[in-house]
Student: 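Got a structure for you, questions after.
It should be emphasised that the depicted structure is a prediction, and the values quoted were computed from it without experimental measurement.
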Amino acid sequence: MSDTPTRTVRTRFAPSPTGYLHIGGVRTALFSWLQARRHGGEFVLRIEDTDRARSTEEAIQVILDGMEWLGLRADEGPLYQTDRFDRYNEIAAQLLASGHAYHCYCTKEELDEMRAAQMARGEKPRYDGRCRDRKEPKPGVPPVLRFRNPDQGQVVVDDKVRGRVVFDNKELDDLVLLRSDGVPTYNYSVVVDDMDMGITHVVRGDDHLNNTPRQINVYHALGAEPPVFAHVPMILGPDGAKLSKRHGAVSVLQYRQEGYLPEALLNYLVRLGWSHGDQEIFSVDEMIELFDIGDVNKSASSFNPEKLLWLNQHYIKEAPPARLAAELQWQLERLGVECSRGPALEAVAEAFRERAKTMHEMAQAAIFFYQDFETYHEKAARQHLGAAAAEPLKQLMAGLEALEDWQAGPIHDIVQGVAEGLGLKMGKVAQPLRVAVSGGPVSPPIDVTVALLGKDKTLARLRHAVVVAASAGDCP
RNA sequence: GCUCCGUUCGUCUAGUGGUUAGGACGCUGGCCUCUCACGCCGGUAACAGGGGUUCGAAUCCCCUACGGAGCGCCA
C-alpha cells in the first residue's frame with residue numbers, strides 16, 4: 001500500500017553522538033534508509049548533538065564512517081543541531097507569543113520534591129503546571145521554557161508498525177522546550193527539525209513511542225502536520241537482556257575489524273524484525289524492492305551472533321575475488337603481515353573462501369603463505385611428522401623438485417603417485433605435506449596450497465620437515 | 001506506582017478462522033573426502049496460561065502471568 005503518493009518520502013536517521021553507533025542504531029538507520037529508497041524518496045542524516053556535555057567528536061566520526069562503510073548514503077547531511085540554535089529560538093519565541101509556551105522558574109530541588117511527593121502518593125511523576133499562570137519572573141532564576149500541553153482530549157498515534165495507539169492528554173505534562181541556558185531539549189528540537197526538513201516518515205526506536213504524543217502536540221501548536229511515525233522494536237542481546245557491550249553494543253566499525261562484510265551485516269539486520277516469506281538472503285537491491293516499514297514486526301528480537309556468522313560466510317563465498325582480496329589485504333596488514341610478496345591475494349582468497357566465517361579468520365589462516373612459521377602445530381607435528389613420514393616426505397621433495405609445471409594438477413599427480421608407490425592412503429602423504437608447508441593440520445586442498453605457496457618455499461619447508469621427521473627416531 | 005508496548009521451536013521468523021504449524025541459524029545422525037570446510041540427505045524442537053466467540057482458533061475478544069519502554073533542564 002502506498003502512503004501519501006503526493007508527498008515525496010523523506011526519512012532521516014538522527015543519532016546522538018553520546019555513545020558509539022551500534023547494531024541497534026544501524027538497524028534503525030537501515031530501515032529508515034530502505035523506506036526512503038523503496039519509495040524513491042530521500043534520506044537525511046542529522047546529528048543530534050544538543051547534549052554538548054556528552055557528545056564526542058569520536059562518536060560522530062563512528063557514525064559517519066559506519067554509515068559510509070555500510071553504504072547507507074545520505075542524500076542530505078550530516079546536519080548538526082548545534083548549527084540550528086537560532087531557529088529553535090525563533091520558533092520558541094513564536095510559541096511563547098501564541099501562549100503555547102511559558103516560562104517556568106522552578107528549581108531542580110523544587111521539582112525533585114514535587115516528584116517525590118507524587119510517587120509517594122502512587123501517582124505518575126509529572127510537572128504540575130505551577131508556573132503556567134505566573135506573571136512575574138523570579139529574580140535571579142533563569143527560567144526554562146515549557147510547552148503548554150493540552151489537558152483535555154486524546155492524541156492518536158497512527159503508528160506504521162504499532163498500529164493505532166491512543167494517549168490521554170491528561171497523562172502528559174508540560175515538557176521543557178528550552179533549558180535555562182537556552183539549549184533546546186530533544187523533544188523540541190526533533191519536532192522543529194523534522195518539520196523544517198520536510199520529514200514525512202519518522203522511523204526510530206520504540207523507546208520513543210511514549211514521547212510521540214507530546215511531539216504531536218507541539219506540531220499542532222505550530223500548525224504543522226505531524227509526519228508518519230514508525231516505531232521499530234528494540235534489539236536484545238543473545239541472552240534476551242538489553243544489548244550490552246558484551247554482544248552488539250560495540251561500535252559498528254568493530255564488525256569490520258572482526259572481518260564481517262557489510263552486506264552480511266545488512267542482511268542480518270534487515271531480517272531482525274522484518275521478513276519476506278521464507279527468504280533469508282537479500283541483496284541490498286532486493287531489500288529496496290521488497291521492504292516496507294509497515295511489514296516490520298512489533299516485538300523485540302534477540303541478536304544471534306551465529307546467524308550473522310553464517311551470513312558472513314555466505315557472502316564471503318559469493319563475493320567477487322577482487323573484493324575479498326582487498327579485505328584480506330586489509331586484515332593481513334592489521335595483523336602486521338607483509339603481503340606484497342607471496343601468492344596473489346585473489347588466489348589465496350579463492351582458496352579460503354569456503355573455509356572462513358570472517359575475513360579476519362581468513363587472514364589468520366593465510367599467514368603461512370606470507371610468513372615462515374617458527375614452530376609446528378604441536379599435535380599435528382606429533383601425528384604427521386613422525387618417523388613414518390620421513391620417506392613420503394623425501395619422495396615428495398624429489399618429485400616436486402623435478403616438477404616444471406608448478407600447478408595444482410601436476411602437484412596432485414605427484415602426491416597421489418607417492419601415495420600409490422608406497423601403498424599408502426592419500427591422508428598418510430597429504431597430511432605430512434600439509435603440516436610441512438603450512439605448519440598446521442588445516443589448509444585448503446594440499447595441491448592448491450602447494451601450488452600457491454610456490455616451489456622455493458615448498459621445497460625449503462619440505463627440507464626442514466624431512467629433517468624433523470627423520471630425527472623423530474623410533475617413537476611411533 | 002502510573003501510562004504505553006510486546007509474547008509461534010534455544011534464536012530469527014512464516015502464518016491473517018480449517019496446515020501433519022513451514023523455512024532459516026544452531027545442535028545433531030549420515031554421505032562426500034588428503035585436513036578443515038563447502039555441498040547434499042535426514043533428525044531435534046514452538047503457538048505463555050486461562051476464559052470466551054465460532055461447527056472450527058496460533059489467528060478475533062477479555063483476563064492473568066511474564067518481559068520491555070517511558071514518566072529528566074538525556075537523546
Side-chain angles (χ1 to χ4, degrees), chain A residues 14-19 48-51 53-55 104 106 108 111-112 115 118-127 142-146 157 159 162-163 165-168 171-173 175-181 183-187 189-190 204-213 231 233-234 236 238 240-242 268 271-281 297-311 313 317 352-357 365 380 384 412 415-416 419 425-435 438 440-447 449:
Chain A
S16 83
T18 52
E48 309 230 327
D49 54 352
T50 54
D51 184 353
R54 295 191 301 147
S55 295
C104 166
C106 296
K108 188 169 190 324
L111 295 173
D112 286 347
R115 289 191 193 100
Q118 288 165 332
M119 296 274 261
R121 274 179 269 131
E123 293 168 14
K124 181 202 277 207
R126 56 203 293 282
Y127 181 66
V144 300
L145 188 71
R146 278 189 193 272
V157 181
D159 197 275
R162 311 322 269 237
V165 185
V166 182
F167 296 84
D168 276 322
E171 295 296 336
L172 276 23
D173 62 359
L175 74 160
V176 171
L177 265 21
L178 252 30
R179 300 175 172 95
S180 48
D181 61 2
V183 176
T185 59
Y186 165 75
N187 278 303
S189 57
V190 74
R204 63 192 0 172
D206 72 0
D207 47 336
H208 291 287
L209 183 55
N210 287 296
N211 288 324
T212 306
H231 287 94
M234 298 190 61
L236 273 21
K242 205 170 177 173
Y268 177 71
R271 283 285 289 101
L272 230 43
W274 177 82
S275 62
H276 180 71
D278 284 339
Q279 189 171 343
E280 295 288 351
I281 306 297
N297 278 169
K298 295 173 170 54
S299 53
S301 38
S302 293
F303 181 77
N304 183 344
E306 283 80 29
K307 191 156 183 180
L308 206 212
L309 235 21
W310 172 73
L311 277 164
Q313 185 173 40
K317 284 185 293 185
F352 277 104
R353 69 187 320 164
E354 287 184 348
R355 58 206 85 224
K357 284 179 153 53
H384 303 295
H412 181 264
V415 178
Q416 197 165 40
K425 293 181 130 183
M426 268 297 265
K428 292 291 179 196
V429 178
Q431 274 308 84
L433 177 56
R434 174 167 281 117
V435 178
S438 78
V442 175
S443 86
I446 195 60
D447 46 3
T449 302

Student: Do the side chain of A:S180 and the base of B:C73 come within less than 3.5 angstrom through a donor-acceptor pair of N or O atoms?
Tutor: yes

Student: Sort out the partner of B:U59 for me: Watson-Crick or G-U wobble, both distances under 3.5 Å, none otherwise.
Tutor: none

Student: Partner of B:C40 by Watson-Crick or G-U wobble geometry, both contacts under 3.5 Å, or none?
Tutor: B:G30

Student: Short question: side chain of A:S302, backbone of A:L236 - any donor-acceptor pair under 3.5 Å?
Tutor: no

Student: Taking the side chain of A:Y186 as heavy atoms from C-beta outward, which of B:C73, B:C4, B:A75 is closest to it?
Tutor: B:A75

Student: Does A:Q313 place a side-chain N or O at less than 4.0 Å from the phosphate oxygens OP1/OP2 of B:A37?
Tutor: no

Student: Round to the nearest Å and state the distance from A:D206 atom CG to B:G67 atom P.
Tutor: 17 Å

Student: Round to the nearest Å and state the distance from A:L175 atom CG to B:C73 atom C1'.
Tutor: 11 Å

Student: Heavy atoms only, 4.0 Å cut-off, all strands: where does A:D168 land among base, sugar-phosphate and nothing?
Tutor: nothing

Student: Counting only side-chain nitrogens and oxygens, does A:K242 get under 4.0 Å of the OP1 or OP2 atom of B:A69?
Tutor: yes

Student: Aromatic rings A:H208 and A:Y186: how do their planes relate, parallel, tilted or perpendicular, breaks at 30° and 60°?
Tutor: tilted

Student: Answer syn or anti for B:C60, where the cut-off is 90° from 0 on the glycosidic torsion.
Tutor: anti

Student: Any donor and acceptor pair, going by atom type alone, linking the side chain of A:Y268 with main-chain N or O of A:N304 inside 3.5 Å?
Tutor: yes

Student: Distance check: side-chain N/O of A:R121 vs OP1/OP2 of B:C2, anything under 4.0 Å?
Tutor: no

Student: Can you identify which nucleotide, out of B:C73, B:A69, B:G23, has its nearest atom closest to the A:T185 side chain?
Tutor: B:C73

Student: Hydrogens and angles aside, do A:T50 and A:S189 bring a side-chain donor and acceptor to less than 3.5 Å of each other?
Tutor: no

Student: Identify whether any heavy atom of A:G205 sits under 4.0 Å from a base atom; if not, whether one sits that close to sugar-phosphate; answer base, sugar-phosphate or nothing.
Tutor: nothing

Student: Please check: side-chain N/O of A:D447 versus main-chain N/O of A:H412, any donor-acceptor pairing under 3.5 Å?
Tutor: no

Student: Closer to the 5' end of RNA chain B via nearest nucleotide, is it A:S299 or A:G122?
Tutor: A:G122

Student: Check every strand shown and say whether A:F352 touches a base, only sugar-phosphate, or nothing at a heavy-atom separation below 4.0 Å.
Tutor: nothing

Student: Considering only the P atoms, how many Å lie between B:C47 and B:C40, rounded to the nearest integer?
Tutor: 30 Å

Student: Distance check: side-chain N/O of A:R126 vs OP1/OP2 of B:C2, anything under 4.0 Å?
Tutor: no

Student: Scan side-chain atoms only and decide if A:R115 and A:Q118 contain a donor-acceptor pair under the 3.5 Å cut-off.
Tutor: no

Student: Please evaluate the base of B:A69 for a donor-acceptor partner in the side chain of A:N210 within a cut-off of under 3.5 Å?
Tutor: yes

Student: Which of these nucleotides, B:C73, B:C4, B:C25, is closest to any side-chain atom of A:W310?
Tutor: B:C25

Student: Hey, does the side chain of A:T18 reach the backbone of A:R54 with a donor-acceptor pair shorter than 3.5 angstrom?
Tutor: no

Student: Does A:N297 reach the main-chain N or O of A:S299 with its side chain, forming a donor-acceptor pair under 3.5 Å?
Tutor: no

Student: When you measure from the side chain of A:R434 to the backbone N and O of A:V442, does any donor-acceptor pair fall under 3.5 Å?
Tutor: no

Student: Protein-nucleotides 31-36 of chain B N/O pairs closer than 3.5 Å?
Tutor:
from: B:C34; atom 1: O2; to: A:R434; atom 2: NH1; distance (Å): 3.1
from: B:C34; atom 1: O2; to: A:R434; atom 2: NH2; distance (Å): 3.0
from: B:C34; atom 1: N3; to: A:I446; atom 2: N; distance (Å): 3.3
from: B:U35; atom 1: O4'; to: A:Q431; atom 2: OE1; distance (Å): 3.0
from: B:U35; atom 1: O2'; to: A:P441; atom 2: O; distance (Å): 3.0
from: B:U35; atom 1: N1; to: A:R434; atom 2: NH1; distance (Å): 3.2
from: B:U35; atom 1: O2; to: A:R434; atom 2: NE; distance (Å): 3.4
from: B:U35; atom 1: O2; to: A:S443; atom 2: N; distance (Å): 3.0
from: B:U35; atom 1: O2; to: A:S443; atom 2: O; distance (Å): 3.1
from: B:U35; atom 1: N3; to: A:R434; atom 2: NH2; distance (Å): 3.1
from: B:U35; atom 1: N3; to: A:S443; atom 2: O; distance (Å): 2.6
from: B:U35; atom 1: O4; to: A:P445; atom 2: N; distance (Å): 3.2
from: B:C36; atom 1: O2; to: A:R355; atom 2: NH1; distance (Å): 2.8
from: B:C36; atom 1: N3; to: A:R355; atom 2: NH1; distance (Å): 2.4

Student: Figure out the OH/C1' separation between A:Y268 and B:A24, and round it to whole Å.
Tutor: 12 Å

Student: From B:C4, B:G72, B:U11, pick the nucleotide closest to the side chain of A:V165?
Tutor: B:C4

Student: Send over the distance from A:L308 CG to B:U11 P, rounded to a whole Å.
Tutor: 18 Å

Student: Applying the side chain to side chain contact (heavy atoms under 4.5 Å, CB included) test to A:H231, which of A:N211, A:D159, A:D207 qualifies?
Tutor: A:D159

Student: For a quick test of reading the model, state the closest non-hydrogen atom pair linking A:D173 to A:Y127 and the distance between them.
Tutor: OD2-N, 2.8 Å

Student: Counting only side-chain N and O atoms of A:N187, is one of them less than 4.0 Å from OP1 or OP2 of B:C73?
Tutor: no

Student: State whether A:S275 places a side-chain N or O below 4.0 Å from either non-bridging phosphate oxygen (OP1 or OP2) of B:A14.
Tutor: yes

Student: Excluding sequence neighbours, so at least two apart, what forms side-chain hydrogen bond (donor to acceptor under 3.5 Å, both in side chains) with A:R271?
Tutor: A:E280

Student: Any strand counts, and the cut-off is 3.5 Å on both contacts for Watson-Crick or G-U wobble. Which nucleotide pairs with B:C2?
Tutor: B:G70

Student: Which listed nucleotide (B:U7, B:C73, B:C38) is nearest to the side chain of A:K317?
Tutor: B:C38

Student: What is the minimum heavy-atom distance between A:S443 and A:T449, and which atoms define it?
Tutor: OG-OG1, 3.2 Å

Student: With no angle test and no hydrogens, is the base of B:G23 tied to the side chain of A:E280 by a donor-acceptor pair under 3.5 Å?
Tutor: yes

Student: Could you go through nucleotides 19-22 of chain B and list every protein N or O atom that sits under 3.5 Å from one of its N or O atoms, giving the distance for each pair?
Tutor:
from: B:G22; atom 1: N2; to: A:D278; atom 2: OD1; distance (Å): 2.7

Student: Within the 4.0 Å heavy-atom criterion, would you say A:R146 contacts the bases, only the backbone, or no part of the nucleic acid?
Tutor: sugar-phosphate

Student: Find the distance A:M119:CE to B:C71:C1' and express it as a whole number of Å.
Tutor: 8 Å

Student: Any idea which of B:C71, B:A75, B:A37 is nearest the A:E354 side chain?
Tutor: B:A37

Student: What interatomic distance, in whole Å, is found between C1' of B:A65 and the corresponding atom of B:C12?
Tutor: 25 Å

Student: Which of these nucleotides, B:G26, B:A75, B:C2, is closest to any side-chain atom of A:H208?
Tutor: B:A75

Student: Does B:U53 have a Watson-Crick or wobble mate here (both distances under 3.5 Å), and if so which one?
Tutor: none

Student: Please tell me if A:T50 has a side-chain N or O lying less than 4.0 Å from either OP1 or OP2 of B:A75.
Tutor: yes

Student: What integer number of Å spans the C1' atoms of B:G42 and B:C55?
Tutor: 39 Å

Student: Would you please confirm or rule out a distance under 4.0 Å between OP1 or OP2 of B:C73 and any side-chain N or O of A:R115?
Tutor: yes

